[in-house]
Structures are given as C-alpha cells and as structure tokens.
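Okay, so here's the structure we're looking at.
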Amino acid sequence: MLNEKVQHLWNKELSQCSYEEIYLAIQQLCKEKMQALPLVQGKRKLYYISAEFLIGRLLTCNLINLGIYQQVAQEMEQAGKSMALLEDAEPEPSLGNGGLGRLAACFLDSIATLQLRGDGVGLCYHYGLFQQKFHDNKQWEQPNPWLQPNSWLTKENITFTVPFGKFTVEGELYSIDIPGCDTNSKNRLRLFDLKSVQENIVQDGIQFDKEDIRQNLTLFLYPDDSDQAGRLLRVYQQYFMVSCAAQLILKELEEAGHAPTELAEYAVVQINDTHPSMIIPELIRLLMEKGVGFTEATDIVSRTCAYTNHTILAEALEKWPISSLEIVAPRIVAIIRELDRLAKEAYPQKGLGIIEDGLVHMARMDIHYGFSVNGVAQLHTEILEQSELKNFFEIYPEKFNNKTNGITFRRWITACNPWLDEFVTKKLGQGWKQDANLLEGLEKFEDEESLSRLLEIKQTCKEQLAEYVLHQQGIELDTNSIFDIQIKRLHEYKRQQMNLLYIIWKYQQIKGGKIPPRPITFLFGAKAAPAYILAKDIIHALLCMAKVIENDPQVSPWLKLVFVENYNVTKAEKLIPAADISEQISLASKEASGTGNMKLMLNGAITLGTLDGANVEIAQRVGEDNIYLFGKKSPEVIGLYESRGYCSREYYQRPEIEPLVDFLLQKPMLAQGDAECLGRLYQDLTHKDWFMTLLDLEEYIEVKEKAFADYENRTEWAKKMLHNIAQAGFFSSDRTIAQYEQDIWKLKSI
Ligand code: 26V
C-alpha cells in the first residue's frame with residue numbers, strides 16, 4: 001500500500017525516501033481513504049462549538065482509526081524506516097491552551113467512534129498557541145507556524161459574511177476529517193479562517209497590531225488580553241466564530257429540507273465554556289432574519305443550546321462590556337438587552353441578570369437560554385450547584401447535570417504506549433477497546449510474571465523518554481531514578497510552586513546528609529500565559545532551581561529537575577507513559593476536573609494529589625492504597641475563602657516552612673536568576689498566597705516521602721500500577737460521550 005504510494009508520488013523505493021516524503025505520502029493515503037468515507041448519518045446533528053481544539057499530530061491516530069496502522073508499520077520496518085522519525089515530520093497544530101481544548105479533541109474522536117452525527121466548529125488560527133523557548137531561565141514566546149502547503153485541512157467552497165459594527169469580513173471554511181475507529185464513517189472538524197489575514201504583520205516574537213482586525217483576526221489563539229485592544233480582539237474572534245457557526249448550522253438545516261422553526265429537532269449546539277456563548281443571540285438574530293418572531297426564535301434556540309462549564313475561577317468567567325459588543329456586534333446587542341430584560345422580569349432577585357454594571361455575564365446568558373448546564377466532574381458539578389451557581393440551580397434544578405470528563409484511549413494508550421496496549425490485549429483480548437470497563441479484568445493478574453512485565457514496560461517508556469529529552473534538550477536522564485511528573489498549564493492554583501518548595505526541601509535534606517534510597521527526577525512541562533507575570537516567575541524559579549541542583553556536586557547525583565521546553569500534545573505522548581508519579585496537587589475546589597490525571601493513571605503512574613476535580617473519582621475507584629492523597633478538602637478551602645481565614649504569613653513563620661521559602665532569595669538562586677522575579681514570588685508566598693500553597697505544604701512533603709519510600713518495594717508498587725490501569729476504564733471519553741448522548745444530545749433516540 002505505502003510502497004505503491006511512494007513509488008507513484010516520488011518515483012522511488014520507500015527505503016530511498018526521506019521522512020518528509022514518506023510523511024506526505026501517508027498523509028495523502030489517509031486523506032484519500034477519509035474522503036471516500038461516508039459521513040455519519042442521523043436525523044439530528046450535534047455542533048460542538050469551541051474556541052479550542054487541541055488535536056495534536058494526526059498521522060498515527062488516523063492510521064489507527066482507519067485500521068491500517070499495522071500494515072504501514074510493517075512496510076516501514078521492511079524498508080528499514082522508523083515510525084518515530086516519521087511522526088516527527090508532522091508539525092503539531094496548537095489550536096488550544098490546555099485541558100479544555102484537548103477535551104474537545106478527545107470528544108471528536110469518541111463522537112465519531114460511537115457513530116454519533118456531530119461536527120466540531122471552531123477557528124483556524126494560523127499560529128495557534130505560542131511556542132515556548134527558554135532563554136536566561138525565562139519563557140519567551142514565538143509563533144507556531146503549523147500551517148503548511150500540505151496539511152490535513154481541506155478547503156471547502158463555503159464562505160460566510162460576518163457583520164461587525166463598522167465593517168464586514170468573509171469567513172472561509174476548512175474541514176479536517178475525523179474518522180471513527182473501525183467504523184467506516186467520519187465526522188468533521190470545521191474551522192473558519194479570515195480571508196484577509198496577513199501573517200507578515202507579526203514581528204518580534206508574537207507582537208502585532210491588535211487593532212487591525214481585518215489583518216489579525218485568526219492569527220493567534222487568545223491573544224494576550226491584558227490590555228483593552230487585546231480584550232476587544234477576543235470579542236471579535238468570538239463573534240466571528242459564532243456567526244460563521246450559526247450560518248453553517250442554518251445552511252445545513254435548510255439543505256436537509258427543514259424549516260428554520262425545526263432547528264431544535266434537527267440540531268443541538270454544545271457551547272464549550274463561554275467563548276461561544278454569543279451563538280445564542282446570533283442564532284436568534286438569524287432566525288428572525290428568516291421571519292421567525294423574537295419569542296419563538298428564543299424558544300427554539302433555548303431548546304437547541306446546551307452549556308458546559310469548565311472552571312469556577314472568577315477571573316476566568318467571561319464578562320464583556322456591553323460597550324465592546326456595541327462596537328463588535330451591534331446587531332445582537334438589542335437581542336441581549338431583551339434577553340436580559342426578560343430574565344430580570346422572571347427572576348428579579350439580584351445576581352441573576354445577564355447585564356450587570358454594564359457587563360454581559362456570558363455564563364448567565366447560557367444558563368437562562370440553554371436547556372442544559374453541566375460540570376465536568378462530580379465535585380465540580382456539586383460546587384456549581386451548591387455555591388458558584390447556587391442561585392441558578394435553585395431556579396433551574398432540572399437543567400443541571402454532571403458529565404465527568406474522559407480521554408480517548410486510542411491516543412492515550414494505543415498510540416502512545418503500544419507496549420502497554422499489547423500487554424492489556426494479551427491478557428484480555430480485543431474487547432476492552434470497545435468497552436473500556438473490561439480493563440477491570442486486569443485486577444486478577446497479580447502474578448509475578450505479569451507484574452514484572454508491567455515494570456519492564458515502564459522501564460522501556462522511561463528509556464524512550466530519556467532518548468527523546470537528550471535529543472531535544474541535550475539533557476541526560478537517569479532511567480533508574482523515580483520519574484515524578486507535573487505537566488499542565490502553569491497556574492498558581494495548580495501549585496507548581498508547591499512542588500518547587502518540596503524540591504528545595506529535598507535539596508536541603510541532601511545537603512544535610514539525608515540521602516534518598518535512589519535518585520529522583522522531577523519533570524515539568526507547562527506554558528504560562530504571556531501576560532501572567534507570577535506564572536512566569538514560577539517558571540523562572542524552577543529553571544533557576546534546576547541549575548542550582550546541577551551545579552551542586554553533593555546533590556546532583558540524587559536530584560534532577562528537568563523543565564521540558566514547549567510542552568504540547570506530542571511531548572505529553574512521550575512523558576505520560578514514562579511517569580512513575582503523577583502530580584495532581586491543585587488547591588481543592590479549584591481544578592474543575594483535570595484530564596492529565598486520567599492519562600497518567602491509564603499509563604500506570606500513581607497519583608499524588610489533593611481531593612480535587614476528577615482526583616476524587618480516581619480515589620473512589622482505586623482505593624486509598626493505590627493513590628497518595630493529602631491536603632485540605634474542598635469544603636474547608638471554600639470555608640477559608642468565605643471567612644478570609646487563611647493567612648500565609650502564619651504558615652510561613654513555621655520553622656519547617658520558612659527556610660524553604662527563604663531559599664528563593666538566597667545566594668545560590670540569586671546567582672542563577674533575576675532578583676525581581678524571585679522577589680515577586682517570595683513576596684507573593686509570604687504576603688498573599690491566594691491559592692494556599694503553604695497551607696498544604698507540610699502534608700505534601702510527608703505524603704510524597706511516603707510515596708518515594710513505597711516505590712522501593714517494586715512488587716507492591718507494580719500492584720498499585722496494575723490497579724490504577726484496571727480502574728481507568730471509567731475515564732474513557734467513550735463513556736463520557738455516551739452520557740452526553742443519553743442525557744443531553746439524544747441524537748439517536750429521536
Ligand atoms: C482560563 C483563564 C483565562 C484567563 C486567565 C486565567 C484563566 C484561568 C483558567 C482558565 C480556564 C479555562 C477553562 C479550562 O481550560 N478549563 C479546564 O477544562 C478542562 C476540561 O474540562 C478541565 O479538565 C480542567 O480542570 C479545567 O481547568
């Protein structure tokens with residue numbers, strides 16, 4: 001198959017081709033196969049609208065889903081070519097920030113695999129999220145030019161006009177085919193781009209003229225919104241996305257021969273966080289243009305739209321000034337004002353209106369004018385119902401529901417850890433690929449041979465990662481050491497700084513002569529938002545600490561801190577299979593769900609975490625012997641915020657904690673870093689510490705020590721690994737999507 005393709009394309013043998021040539025040949029092969037697949041059919045269609053789809057590289061997963069991976073791999077082997085080097089020929093699209101965008105990508109895979117008729121709709125950012133570079137122990141941002149002449153995108157012959165306040169633009173539609181796994185059918189990811197965008201206006205990293213909307217609109221994902229022009233650009237992006245999406249939905253409805261008034265019967269719109277919320281007034285506006293009255297249009301749209309909340313962080317809940325909407329999308333302002341008036345008329349209590357103090361509360365619009373509101377883990381949904389959105393839960397209890405997140409096992413075990421995939425399949429047969437709950441069948445394989453094979457697989461993955469890190473960053477990893485991994489966006493609430501304080505503690509212990517039984521490698525991967533100063537300070541402190549350890553011959557044989565540059569999906573695929581310990585240490589109540597926790601568990605890492613997000617459900621499943629829990633629980637934390645009862649200074653003054661925090665400003669650190677950045681982090685921890693790092697620090701140290709000690713009993717540790725893998729089935733996104741289908745979308749049942 002591949003041999004013929006390269007012969008035809010390049011007129012030479014596979015063994016003579018470069019990896020770029022082979023990559024293009026396989027991409028073409030996949031595209032042809034996908035083009036030939038029929039679309040999933042069904043009466044009603046889902047539109048999953050999202051500002052982010054963090055799809056990652058597509059080659060391996062497409063080959064798997066199309067059922068031709070083995071054949072291609074065999075031909076490659078016969079020609080003496082490596083699959084790993086082949087994968088590296090593909091640039092990674094970076095159309096997402098983190099969890100929310102990656103979740104959307106996992107969902108597309110599961111929706112297609114369950115043969116539900118549903119497309120993703122979003123934006124085609126030319127440079128996506130920035131590329132991260134380290135220089136002077138600091139993060140620098142560069143554009144990520146992932147769009148190449150040959151990409152997975154197919155240009156459609158469809159454009160829509162989007163009317164902004166002072167001018168109009170043309171949105172052009174591109175599609176990426178999403179094949180189901182072994183289904184012989186596909187859905188699509190629909191991405192809109194702006195014709196007039198100019199890549200050459202970007203200078204000096206990721207700087208560009210934020211006011212030139214016609215030239216900049218789809219250049220970057222979430223451009224820095226720390227200033228007024230940046231915030232306005234984000235509103236422009238959002239309105240552009242939803243206007244194109246709404247026009248596409250109504251066009252497809254009409255083409256299928258249905259009336260605009262039948263929208264809710266034939267379409268369902270899932271609003272992924274509040275970025276696409278303006279689809280509600282936009283659909284109402286377009287229905288009215290087609291002659292439907294306001295009241296009926298509002299009723300139809302309310303029966304079509306469902307909203308997912310992904311965060312309770314106040315600063316992340318979007319509120320746009322009505323004055324900005326007047327500039328960007330004046331045609332929907334009157335509609336939003338009327339929706340607000342009706343909401344306030346029906347529910348005059350304070351805090352329920354859509355417009356307050358000149359700000360449009362996007363989530364409130366979704367809740368009043370959508371038929372479903374869901375959180376993304378049990379605890380998160382409970383917090384929404386009992387505190388954050390309590391007033392709304394009281395008036396609309398029937399709208400609220402939980403859908404605990406999941407991950408696609410096709411990418412997060414089959415593609416990234418073929419050894420583990422083979423191990424599981426040998427034990428259980430192929431059935432677990434259809435029904436992930438069957439993984440529980442692994443529980444009984446506690447025999448010596450199975451356990452030692454599990455340890456061997458982990459070792460292989462660690463060696464694979466070591467090779468990769470050496471090649472990428474020139475850093476050597478000791479594969480005999482414990483791999484302790486924290487990979488996720490950098491945010492104070494995720495508390496990478498707490499991990500840093502542990503490392504400082506361990507450093508001081510070793511200086512004091514307390515040598516651990518074996519070396520430990522701390523691996524981090526994280527990008528900080530370009531305008532998030534404290535997050536950048538934490539990266540700086542970690543990079544400085546890495547150097548401090550490296551330069552200290554007394555400590556360096558025992559500790560290593562590696563910050564993997566430019567953490568992305570590709571790097572996650574290498575890091576996750578190699579992890580021994582999965583750091584999930586957010587302040588309880590702050591992490592809506594987490595999904596990295598699930599990927600790491602599935603790959604046999606043991607969680608060290610707080611009872612936050614989906615960690616709670618992981619703990620319920622694996623039991624307390626197979627997870628390391630610590631820290632204050634969510635009700636206590638919520639209580640502390642309410643009573644303003646947390647004072648970081650009190651904790652700082654404890655003799656166990658003071659020397660750790662003080663180390664940030666001592667000579668070894670100052671010799672590596674920038675006193676201003678380190679000083680700011682020190683000041684924050686000692687005077688503010690909004691996410692209560694010091695509150696949980698001592699218990700964190702204690703429990704982490706226990707985990708490292710337990711690691712030395714290799715057989716018992718392997719059992720923990722086995723139990724974690726066996727209990728991971730619930731976290732398959734196939735389960736999550738089946739629940740969305742059953743409770744919200746009902747694509748098949750009508
Ligand atoms: C957004 C922003 C934007 C402005 C500044 C700070 C900030 C902080 C957080 C966010 C969160 C955006 C929403 C998000 O990505 N949520 C993540 O969604 C995942 C999928 O549901 C979930 O697993 C993560 O726990 C949640 O953080």
Side-chain angles (χ1 to χ4, degrees), residues 48 50-54 95-108 110 129 221-227 230-231 234-235 237-238 270-277 307-320 362-363 366 373-381 383-384 388 402-408 412 487-496 526-536 572 582 584-601 609-618 634 690-691 731 733 736-737 739-740:
Y48 194 91
S50 177
E52 305 185 18
F53 287 94
L54 192 45
L95 307 183
N97 270 299
L100 167 133
R102 183 53 234 173
L103 184 78
C106 283
F107 279 7
L108 292 183
S110 286
L129 184 68
L221 165 68
Y222 285 6
D224 180 351
D225 65 357
S226 55
D227 58 25
R231 281 193 288 274
R234 230 171 112 169
V235 184
Q237 279 191 332
Q238 294 185 354
Q270 191 68 41
I271 299 177
N272 197 29
D273 225 280
T274 53
H275 321 131
S277 296
Y307 159 62
T308 305
N309 175 288
H310 294 267
T311 182
I312 57 163
L313 289 186
E315 67 271 31
L317 283 180
E318 289 185 304
K319 302 177 249 327
W320 295 124
M362 307 314 271
D366 295 322
V373 180
N374 77 280
V376 290
Q378 241 170 48
L379 175 69
H380 170 59
T381 302
I383 294 173
L384 292 178
E388 286 303 306
N402 176 57
K403 296 287 166 284
T404 298
N405 283 167
I407 56 174
T408 171
W412 296 111
I487 39 177
K488 48 187 79 252
R489 279 304 293 261
L490 213 136
H491 201 289
E492 288 161 271
Y493 84 80
K494 295 178 187 280
R495 300 198 293 191
Q496 281 95 349
K527 291 181 184 175
Y532 189 172
I533 308 270
L534 206 56
K536 287 186 152 178
S582 156
Q584 306 300 335
I585 60 178
S586 54
L587 174 64
S589 80
K590 294 297 175 190
E591 188 71 270
S593 162
T595 44
N597 45 2
M598 303 167 186
K599 294 165 197 167
L600 284 151
M601 169 197 196
T610 49
L611 278 170
D612 199 16
N615 297 352
V616 176
E617 288 157 85
I618 292 178
S634 143
W690 183 247
F691 295 100
F731 300 105
S733 49
T736 313
I737 289 304
Q739 293 180 332
Y740 273 90

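Numbering of residues begins at 1 and proceeds along the displayed sequence. Atoms within a ligand are numbered from 1 in the order they appear, just like the ligands themselves.
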The criterion is salt bridge (Lys or Arg N to Asp or Glu O under 4.0 Å); which residues satisfy it with Arg489, sequence neighbours excluded?
none
For Ser634, which of Asp612, Thr610, Ile383, Leu611 qualifies under side chain to side chain contact (heavy atoms under 4.5 Å, CB included)?
Ile383
Near Ala592 (heavy-atom distance under 4.0 Å), the atoms of ligand 1 are 25 (O)
Can you name the nearest heavy-atom pair linking Leu95 to Leu221, along with the distance?
C-CD2, 4.0 Å
Within ligand 1, which atoms have a heavy atom of Val376 less than 4.0 Å away?
21 (O)
Find all atoms of ligand 1 within a distance of less than 4.0 Å from any non-hydrogen atom belonging to Ala316, and give their numbers and elements.
1 (C), 2 (C), 7 (C), 8 (C), 9 (C), 10 (C)
Distance-only side-chain donor-acceptor flag, Thr595 / Asn405, under 3.5 Å:
no
Name the closest protein heavy atom to atom 26 (C) of ligand 1, giving the residue it belongs to and the distance to 0.1 Å.
His310 O, 3.4 Å
Taking N or O atoms only and a 3.5 Å limit, does Asp273 qualify as a polar contact for ligand 1?
no
What I want to know is whether Thr311 and ligand 1 share at least one N or O pair that is separated by under 3.5 angstrom.
no
Under 4.0 Å from ligand 1, counting heavy atoms only, is it the side chain of Asn97, its backbone, both or neither?
neither
For ligand 1, is there an atom lying under 4.0 Å from some heavy atom of Tyr493?
yes
Who's closest to atom 25 (O) of ligand 1 heavy-atom-wise, of Arg102, Glu315, Glu591?
Glu591
What residues form a ring pair (Phe, Tyr, Trp, His ring centres under 6.0 Å) with Tyr48, not counting sequence neighbours?
Phe107
Atom indices of ligand 1, in the order listed, that fall short of 4.0 Å to a heavy atom of His491:
8 (C)
Residue pair His310 / Asn272, side-chain donor-acceptor N/O under 3.5 Å:
yes
I need the atoms of ligand 1 closer than 4.0 Å to a non-hydrogen atom of Gly594, numbered in the order shown.
22 (C), 23 (O), 24 (C), 25 (O)
For ligand 1, is there an atom lying under 4.0 Å from some heavy atom of Gly98?
no
Considering non-hydrogen atoms only, spot the tightest contact between Thr311 and His380 and give its length.
N-CE1, 4.1 Å
If you scan protein heavy atoms around atom 15 (O) of ligand 1, the nearest is Leu100 CB, 3.3 Å
For Thr308 and Asn374, test the side chains for any donor-to-acceptor distance below 3.5 angstrom and give the result as yes or no.
yes
Can you check whether a protein heavy atom sits less than 4.0 angstrom from atom 12 (C) of ligand 1?
no
Distance alone, cut at 3.5 Å: any donor-acceptor contact between the side chains of Glu591 and Gln584?
no
